[in-house]
Every structure is written in structure tokens, then in C-alpha cells.
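The block underneath contains the structure these notes are about, expressed in C-alpha cells.
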Amino acid sequence: MALPSINPTTTSAWKALQNHFNANKQIEIKELFSKDKNRADNFKINWEDFYVDFSKNRITEETFNLLLELAEQVKLKGAIAAYYSGETINKTENRAVLHTALRRKESDTVLVDGENVMPEIFAVKAKMETFTNEILSGKRKGYTNKSFTDVVNIGIGGSNLGPAMVVESLQYYKNHLTTHFVSNVDGDHVNEVLKKLNPETTLFVIVSKTFTTQETLSNATTIRKWFLKHAKQEDVAKHFVAVSTNIEKVKDFGIYQDNIFPMWNWVGGRFSLWSAVGLTVSLAVGFDNFNKLLKGANTMDIHFKNEDFNNNIPVVLALISIWYNNFFGAESEAVIAYSQYLNQFATYLQQGIMESNGKTVDRNGDKVNYETGTLIWGEPGTNSQHAFFQLIHQGTKLIPADFIGFAQSLHGNQEHHDKLISNYIAQTEALLNGKTKSQVLDELKDLNLSDSEIKDLMPYKVFEGNKPTNSIFIKKLTPESLGKLIAMYEHKIFVQGVIWNIYSYDQFGVELGKQLATSILKDIKFNNSDNHDASTRNLLEFFKKLR
Ligand code: F6P
């Protein structure tokens, strides 16, 4: 079964939402709270160690019901079943989308083209476990018989962002290995990393689903050359492993069969950290913790698959986001995690969300007549409060925000943690309530300002409030809870793609730039600036003079 191809704007639920929006666009969240004493309890989901409060949104009971009706009318339930069961829902690439299978139990059955893929998944997991344990215990050693101290992940996009974000987020659970990530084709990136390494004790993990990516192959080649300045060709086998679907290309590069960790076409790059792409994660925090990450994600998968939509965290978050994106015209969303560990989380989500849902053509092949993918951005709190929060509070743009917090600190510094969480909660309250003229007046009077000074300052000091937020409060940052959180956003992406009637699992939009870069590289090599527009010609000339 393919995904349904329903233009959402043709559904009666969408039309009802439009009318409802027209009649209620001035909606004040503050007023909704004063009218309904049960609002905070009605608009929350308590699930496992997650508490998701979505009451601070511009939604009423009616909005919520209409959004749920929209999900029904675009046949979301059937789409979820197709997603989990290995249907070819990535139609433009003729592939299933099965990152969820990577986190399932061994006894489950998931069929791709009639074949159960679970045994293969568990064979690769077993290989990852053995390899991780041998590296960590020192059983596997480098070419001078020393144990490994460092691991370098060489990859870009989904072959970098997921592992890098998870290693950073789970830093607390890390072992003695020092991890590094080389992604950019910028030679200064690889050289800065190489500066810190001892070839005798460093393991290199080349991660590339296709094994054709310019950045990764350039970095891997440069690193191998550097390695061979110190070691011999036969030592490569001890220090280089690869993760890819393209086994032949990996072998051509000189990686031994035993050192290859396979992955599959039905795992999208940006959803691949759960596969052997997560090898660096497994090495950094141990295989048990990697497995816990997968278990957490699987718990969220089960919740998403089985829970009624009104109590289903990814569905609810996706619907609320559609309400702002498609009716209020909000262009972006912020993700603010009150945890320094999650400082790469927004960057990671940018690929997942924007590479998936940045599409203009619908599943009928027609140009959409409504907005699709949201822009996503963010930085951890409290740092972000001192950077861009001014714009969220008093700027002209509507920026719905997810606030993520953990009730327990990992190092147990309660004094700091209380301060951190007071900021987390305070910001969502400030964004909701704002500051009225009479509150400002009282404050300014206390400062003994004159009436005319108060009058002049007043407009700048008022906060309109009514800024929507979701609070995602989690007991503690653990491999399991991180797995749940990442899977929650993966499923939000899926729901939005289904509703917007687009294909979320291809990424043709990244190809054109890659093609042009290849031809411009030739032009640079052969000193040729013909066949380009005048601006591009000038840039090539400028580079030629100064390189
Ligand atoms: O930039 C496009 C992209 O194809 C991403 O989707 C992918 O994660 C990244 O490049 C890296 O690709 P690969 O793992 O094949 O090297």
C-alpha cells in the first residue's frame, strides 16, 4: 500500500480549520487559561518518563478536535501502518522507510520484498557489539600493539550529525575513548583533527551510505595518506573500518571485508544513527548504552503506532506545528533544550526536518498550494536567553518553540539545576503572559521616574505575550530517554509529511549544488571561467588571482 495522496486543503477538516482560524485568530492563551480551569490538565500527555504540556498554545478544544479530524481525513492511521510494515513509502526512490525496524525486538518480523530483515539487523548488531568490546577491552590493538585511545568518525550529513549529536548528548556516559568527527571538505577541518592524533592509537570509522560522497571520500583519502606516512599498507586493516551499503566501493577504497559494517537502502541517511552508522556512538558509550538508546526509540515507536491520536505525542506536536505553519503563517520553530548536553540537538534536527519536508511537489506530482516544511533552529537555554530570546519575546515574528528540560541533573549539582529549571519554566510563563501596561507602570513607578519618563519608556517595556510553547519535561537524560526524544521528532516529521502530502524520504534538492561543484572544480583546475553567468565568472576570477 502506498501513502494516500490527499491534498489536505481539499478536506472538510482543513476548510473548517480555516474558518475556525478566521474567527479566532486573535485568540489569547491567557484568556483560555482563565476561562478553563482544567486547561493545563486537558492539554498534557503523561507518558513513561515524559511530561508533555501543550496547553500554552493558541488552541481551543475545538482547534484540537479539528486538527485530530484532519489527521483522520488524510488517513494518517493507514499511513503509519504502511510506514512500519515496510511498504515502499519512499516512492520516488522506490524504497521502504524502516529505521523503526532497527530498534525492534529480534523475535519480530519485518518484511522487505518478502524477506524478514530482522536476522540481518541483529547480525550487524552482534558484529558491532563484538567490535566495540574488543576495542574497549584492548583486545584489538593498533599496529604497534597499543590499545586504542581515539576514534574518528569520517562522514557528513546523516553519517555525521546523528552520531555527533548522540555522542555529545551522552557525554556523561562516555568511556575512556576520545571521539572526533571530521565532516567538512574544508581541509582545515581534517588538519585540525589530525593535529591531535597519534596514528598508533587511533581508529578511523568511515561512514557513508553511498560511499560516493565527495567530502567523506576526500577526508578518508587524506587521512589514509597521513596514516601511511607513519605506518605500512598492511596496518590499514587494523585502523580503518567502514559503514556503508556500497560494499564494492568500500573494498575498492582498500577496506577489508571483515572491517565493513553493512547498512541497507531502507535506512535513510538522516535516520541512520540506529544502524551501524551509530558505531562511533557504540564505541563512545559502550554497546549496552547504544542498545538502550535503541530501546528508548522503540518504546516511542510503539507509543506512536498504537496510541490514540489525542494522546499521541508525535501526532499532537505535528498537528500543533501545522496549525501555526499553515494557518498563522509562522515560518520557523525554535527548539530550546535546557541542557548543555543537547547543544547539537537543533543542528541535528535541521537535517531531519528540513531535508525531509522542504518539498514543493506533492504526492500527485503537483505543485503544492500551501506551505510545507518549517525552518528549525535553536540553542540550549540559558545561553539562548542571552542571544536571540529578545526577538522571540518582542520581535514581529511568531515563533512557536519546544522547550525541553530534564528534571534531574546528571552531576547532581542541585543549586545550579534549580536555577536552570527555574529559567526553563520562567521563560514559557513569560512568553505566555507577557507584561501588561499596568505591570510596567507599577515597575516604573517603583523606580521613581517622572510621568513623562514613564510615558516615553512604556511602549518599549510592554511584552505582548501570547507566544506559544510546548514543554517537554523528561525525568533524566539517559540513553533511553534520548532515544525516545529523537524518535519523537522523527515521527513528527513523518506525520507532517503525510498531512502535507509530500514525499519526506528523498532529498533531490541537495543534488544540483553537488553537480555544479563538480563542474566548477574542473573549471578551477583548467582555469576556465567561460559558460557561467557574469557573477559566477567574477567569483572564479577573484579566486584564481588569490588562491
Ligand atoms: O546531503 C545529502 C546526503 O545524501 C544526506 O542525505 C546524507 O545524510 C549525506 O548526504 C551523506 O551521504 P552518505 O552517507 O551517502 O555519504
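Counting convention: from 1, in listed order, for ligands and their atoms alike. This structure is a prediction, so every number in the text was calculated from the model and none was measured.
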Any heavy atom of Q351 sitting closer than 4.0 Å to ligand 1? yes
Between the side chain of E371 and the main-chain N/O of N326, is any donor-acceptor distance below 3.5 Å? no
Could you tell me, atom by atom, which parts of ligand 1 come under 4.0 Å of a heavy atom of G157? 8 (O)
Residue list, side chain to side chain donor-acceptor pair (under 3.5 Å) with W377, at least two apart or on another chain: S332
Looking only at protein heavy atoms, what sits closest to atom 3 (C) of ligand 1 is K514 NZ, 4.2 Å
Which atoms of ligand 1 sit under 4.0 Å from any heavy atom of I156? 9 (C), 11 (C)
If you take the centroid of each ring, where Trp contributes its six-membered ring, are Y341 and F406 closer together than 6.0 Å? no
For ligand 1, find out whether one of its N or O atoms is nearer than 3.5 Å to an N or O atom of Q507. no
Please state which protein non-hydrogen atom is closest to atom 15 (O) of ligand 1 and give its distance, to 0.1 Å? T210 OG1, 2.6 Å
Restricting to salt bridge (Lys or Arg N to Asp or Glu O under 4.0 Å), what partner residues turn up for E134, sequence neighbours left out? K139, R140
Check whether any N or O atom of T216, backbone or side chain, sits under 3.5 Å from an N or O atom of ligand 1, and answer yes or no. no
Would you call the rings of Y83 and H491 parallel, tilted or perpendicular if under 30° counts as parallel and over 60° as perpendicular? perpendicular
T213 heavy atoms within 4.0 Å reach ligand 1 at atoms 12 (O), 13 (P), 15 (O), 16 (O)
Consider every N or O of G158 and every N or O of ligand 1, then say whether any pair is closer than 3.5 Å. yes
So, is the end of the K127 side chain (NZ or CZ) under 6.0 Å from the ring centre of F261 and within 45° of the ring's axis? yes
Residue part near ligand 1, for V510, under 4.0 Å between non-hydrogen atoms: side chain
Once you measure the plane-to-plane angle for W266 and W264, does it fall in the parallel (<30°), tilted (30-60°) or perpendicular (>60°) bin? parallel
Close-contact set for ligand 1 against E355 heavy atoms, below 4.0 Å: 1 (O), 2 (C), 5 (C), 6 (O)
Tell me whether K359 contacts the main-chain N or O of D506 through its side chain, where contact means a donor paired with an acceptor under 3.5 Å. yes
